[in-house]
Engineer: 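Here it is, the structure in full.
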Amino acid sequence: MARSILITGCSSGIGRHCALGMAKRGWRVFATARKETDLAALREAGARYGLEALYLDYADDASIEAALNSVLAATEGRLDALFNNGAYSQPGALEDLSSAVLRAQFDANFFGWHELTRRVIPVMRRQNAGRIVMNSSVLGLVALGFRGAYNSSKFALEGYTDTLRIELADTGIEVVAIEPGPIASRMTENAIAAFHRNVDIDASVHAAYYRRRLASMEKGGNTFGQLGPDAVLEVLIEACEAPSPATHYPVTRQTRIAAFGRRLLPRRLLHKAATRATN
């Protein structure tokens, strides 16, 4: 039986590229998305590459349970790898974000991941093997201003992943964090939409910054050092197939610099660098 992997957030970008890439390598891929149009596109791609599309919304526990049950029914109860990937970025100063908006960010970027992961762990325990791969971010290592909701969700994910690795030691389950920086995707487009939904620009003391930043984002934002999603696929393959994968895979130059700075720079100097980068 082909090795199986469940990948979330496959409507575009990293998720879609990794789903297709793993299918081409012979993995049995179960790719999830929320919108029917995206699921239809995945099914069309699946007809060629053997990929199977499923509905999953991280904010809906019932959809998480249903998706995993569908996977296990198709694989006779086995799952070799899970790639938690689906997420979005909610821009805005923390003082401009309601608690409801912050909860929604964590539902999508953290609590939904936990719900799926905790359901997968017993399956992998029975197998005495499995890979749980978390798609983190450079913003889980070093925070930037006006990205507080996303920073917080990814910092939480880093702590969660490290804890899970300790708790699953000697079970045969490997827990891995992939840490991209800028990757070509629809992240900026989706972030702009989330910003307009949830932030009142005119009522904010940060209005001038918001307008300047939005103008830049609408032109595509800063793409310095940006890589394609193939860079993430490359490390996902190693995370899933290497006999002894690394615990963390920094993907872009920005992530490697951030990891180096966090280890070696005094916090005050790191804070100054992050403030300069924000502005």
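Being a predicted model, the structure only gives us computed values, none of them experimental. As a basis for the values below, the full set of heavy atoms in this structure was taken, side chains included, without hydrogen atoms, waters or symmetry mates.
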Engineer: Nearest heavy-atom pair of Asn109 and Ser153: which atoms, and what distance?
Structural biologist: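 Closest heavy-atom pair between Asn109 and Ser153: ND2-OG, 3.2 Å.
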
Engineer: What's the shortest heavy-atom distance between Arg147 and Gly145, and which atoms?
Structural biologist: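 Heavy atoms only, the tightest pair is NH1-O, 2.9 Å.
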
Engineer: I'd like to check Asp80 versus Ile5 (side-chain heavy atoms, cut-off strictly below 4.5 Å). Are they in contact?
Structural biologist: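 Sidechains of Ile5 and Asp80: no contact.
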
Engineer: Please find the pair of heavy atoms, one from Ala23 and one from Val29, that lie closest to each other, and give the distance.
Structural biologist: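 Smallest interatomic distance, heavy atoms only, reads N-CG2, 3.4 Å.
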
Engineer: Any side-chain heavy atom of Gln254 sitting closer than 4.5 Å to one from Phe224?
Structural biologist: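 Counting from C-beta outward, Gln254 and Phe224 do come under 4.5 Å.
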
Engineer: Heavy atoms only: give me the nearest Leu144-Ala274 pair and the separation to one decimal.
Structural biologist: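 In terms of heavy atoms, the two residues are closest at CD2-O, 3.6 Å.
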
Engineer: Is there a chain of hydrophobic side chains (I, L, V, M, F, W, Y, each step under 4.5 Å between heavy atoms) that links Phe146 to Leu102?
Structural biologist: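 Different clusters.
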
Engineer: Is there a donor-acceptor contact under 3.5 Å from the side chain of Trp27 to the main chain of Ala19?
Structural biologist: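 Checking the backbone N and O of Ala19 against the side chain of Trp27, no donor-acceptor pair under 3.5 Å is found.
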
Engineer: Can you check whether Arg186's main-chain N or O pairs, donor with acceptor, with Ser12's side chain at less than 3.5 Å?
Structural biologist: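 Side chain of Ser12 to backbone of Arg186, a donor-acceptor pair under 3.5 Å: no, none is there.
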
Engineer: Do the side chains of Tyr249 and Val133 get nearer than 4.5 Å, heavy atoms only?
Structural biologist: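 No. Closest side-chain heavy atoms not under 4.5 Å.
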
Engineer: More than 12 heavy atoms of other residues, nucleotides or ligands under 6.0 Å from NE2 of His196: yes or no?
Structural biologist: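 Yes - once you tally the heavy atoms of other residues, nucleotides and ligands closer than 6.0 Å, there are more than 12.
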
Engineer: For Arg211, look at atom CZ and say whether over 12 heavy atoms of other residues, nucleotides or ligands are found less than 6.0 Å away.
Structural biologist: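 Count over threshold, so yes.
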
Engineer: Looking at Arg131 and Glu241, is any side-chain nitrogen of the basic one under 4.0 Å from a carboxylate oxygen of the acidic one?
Structural biologist: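 Salt bridge absent between Glu241 and Arg131.
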
Engineer: Just so I know, are the side chains of Phe30 and Ser70 near enough to count as touching, which here means a heavy-atom distance under 4.5 Å?
Structural biologist: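 They are not in contact (no side-chain heavy atoms under 4.5 Å apart), so the answer is no.
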
Engineer: Quick one: do Val101 and Tyr88 end up in the same hydrophobic cluster if we chain Ile, Leu, Val, Met, Phe, Trp and Tyr together by side-chain heavy atoms under 4.5 Å apart?
Structural biologist: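 The answer is no; the residues belong to distinct hydrophobic clusters.
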
Engineer: For atom CZ of Arg34, is the number of surrounding heavy atoms from other residues, nucleotides or ligands below 6.0 Å larger than 12?
Structural biologist: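 Atom CZ in Arg34 is not crowded, with 12 or fewer foreign heavy atoms closer than 6.0 Å.
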
Engineer: Would you find a donor on one side and an acceptor on the other, under 3.5 Å apart, between the side chain of Asn128 and the backbone of Gly172?
Structural biologist: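 Absent.
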
Engineer: Tell me, with the steps shown, if Met124 and Gln127 meet side-chain contact (heavy atoms from CB on, under 4.5 Å).
Structural biologist: CA-CA 5 Å; Met124 293 184 174; Gln127 302 165 180; 4.1 Å; yes

Engineer: Would Arg126 and Val123 satisfy side-chain contact (heavy atoms from CB on, under 4.5 Å), going step by step from the backbone distance to the final call?
Structural biologist: CA-CA 5 Å; Arg126 288 194 297 270; Val123 176; 3.6 Å; yes

Engineer: Donor-acceptor pair, distance only, cut-off 3.5 Å: does the side chain of Thr8 make one with the backbone of Asn85?
Structural biologist: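 Yes, the answer is positive, given that a donor and an acceptor are paired below the 3.5 Å cut-off.
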
Engineer: Test side-chain contact (heavy atoms from CB on, under 4.5 Å) on Thr161 and His248; report intermediate values, then the result.
Structural biologist: CA-CA 10 Å; Thr161 304; His248 298 78; 5.8 Å; no

Engineer: Say whether, by atom type as modelled, one donor and one acceptor occur between the side chain of Trp113 and the main chain of Ala108 under 3.5 angstrom.
Structural biologist: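 A pair under 3.5 Å: yes.
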
Engineer: Please check if Tyr150 and Phe110 belong to a single hydrophobic cluster, counting links between Ile, Leu, Val, Met, Phe, Trp and Tyr side chain heavy atoms closer than 4.5 Å.
Structural biologist: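 No: no chain of side-chain contacts under 4.5 Å links Tyr150 to Phe110.
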
Engineer: Between Lys154 and Glu158, is there a side-chain N and carboxylate O pair less than 4.0 Å apart?
Structural biologist: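 No, Lys154 and Glu158 are not salt-bridged.
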
Engineer: Are any of the side-chain nitrogens in Lys35 or Asp57 under 4.0 Å away from the carboxylate oxygens of its partner?
Structural biologist: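 Judged by the 4.0 Å cut-off on N to carboxylate O distance, Lys35 and Asp57 do not form a salt bridge.
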
Engineer: Can you measure from CD (Gln105) to CG (Asn151) and round to the nearest 0.5 angstrom?
Structural biologist: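 It is 9.5 Å, given to the nearest 0.5 Å.
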
Engineer: If you compare all heavy atoms of Ala231 against all heavy atoms of Val251, which two are closest, and at what distance to 0.1 Å?
Structural biologist: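 Looks like CB-CG1, 3.7 Å.
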
Engineer: Please round to the nearest 0.5 Å and tell me the distance separating atom CZ of Arg25 and atom CG of Leu236.
Structural biologist: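 Here the interatomic distance stands at 10.0 Å.
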
Engineer: Within this structure, what is the CD-CZ distance for the pair Glu218 and Arg213, rounded to the nearest 0.5 Å?
Structural biologist: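 Going from the CD atom of Glu218 to the CZ atom of Arg213 covers 11.0 Å.
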
Engineer: What's the spacing between Asp60 CG and Glu65 CD if we round to 0.5 Å?
Structural biologist: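 So the CG of Asp60 and the CD of Glu65 are separated by 10.5 Å.
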
Engineer: Atom CZ of residue position Arg256 - does it have more than 12 heavy atoms of other residues, nucleotides or ligands inside 6.0 Å?
Structural biologist: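 Enclosed.
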
Engineer: Could you give me the CA-CA distance, side-chain angles and deciding distance for Thr252 and Ile183, then say whether side-chain contact (heavy atoms from CB on, under 4.5 Å) is met?
Structural biologist: CA-CA 8 Å; Thr252 62; Ile183 299 290; 4.0 Å; yes

Engineer: Check the hydrophobic clustering (I, L, V, M, F, W, Y; side-chain heavy atoms under 4.5 Å; chains of links allowed) and say if Ile178 and Leu227 are grouped together.
Structural biologist: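 Cluster IDs for Ile178 and Leu227 match.
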
Engineer: Where do Ala53 and Leu39 come nearest, in terms of heavy atoms and distance?
Structural biologist: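 In this case the closest contact between Ala53 and Leu39 is CB-O, 3.9 Å.
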
Engineer: Does the side chain of Ile64 come within less than 4.5 Å of His114's, by heavy atoms?
Structural biologist: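 The answer is no, as the side chains (C-beta and beyond) never meet within the 4.5 Å cut-off.
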
Engineer: Leu164 versus Ile173: any side-chain heavy-atom pair under 4.5 Å?
Structural biologist: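 Result no, sub-4.5 Å side-chain heavy-atom pair not found.
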
Engineer: Mind checking whether Tyr209 and Ser204 have side chains closer than 4.5 Å, heavy atoms only?
Structural biologist: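 Tyr209 does not reach Ser204 side chain to side chain.
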
Engineer: Could you grab the distance from atom CD of Glu174 to atom CG of Leu168, nearest 0.5 Å is fine?
Structural biologist: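 Reported to 0.5 Å precision, the distance equals 10.0 Å.
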
Engineer: Taking Ser4 for its side chain and Arg28 for its backbone only, find out whether a donor-acceptor pair lies under 3.5 Å.
Structural biologist: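 No, because the side chain of Ser4 does not come within donor-acceptor range (under 3.5 Å) of the backbone of Arg28.
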
Engineer: To the nearest 0.5 Å, tell me how far Ser89 OG sits from Phe195 CZ.
Structural biologist: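 CZ of Phe195 is found 11.5 Å from OG of Ser89.
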
Engineer: Is the shortest distance from a Lys or Arg side-chain nitrogen in Arg43 or Glu36 to a carboxylate oxygen in the other one below 4.0 Å?
Structural biologist: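 Judged by the 4.0 Å cut-off on N to carboxylate O distance, Arg43 and Glu36 do form a salt bridge.
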
Engineer: State yes or no: do Phe83 and Ile237 share one hydrophobic cluster built from I, L, V, M, F, W and Y residues joined by side-chain heavy-atom distances below 4.5 Å, directly or via other members?
Structural biologist: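 Per the 4.5 Å side-chain linkage, Phe83 and Ile237 are co-clustered.
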
Engineer: Side chains of Met22 and Arg3: closer than 4.5 Å at any heavy-atom pair?
Structural biologist: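 No; the side chains remain at least 4.5 Å from each other.
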
Engineer: Take Thr278 and Thr275, measure what side-chain hydrogen bond (donor to acceptor under 3.5 Å, both in side chains) needs, and give me the verdict at the end.
Structural biologist: CA-CA 5 Å; Thr278 296; Thr275 301; over 6 Å; no

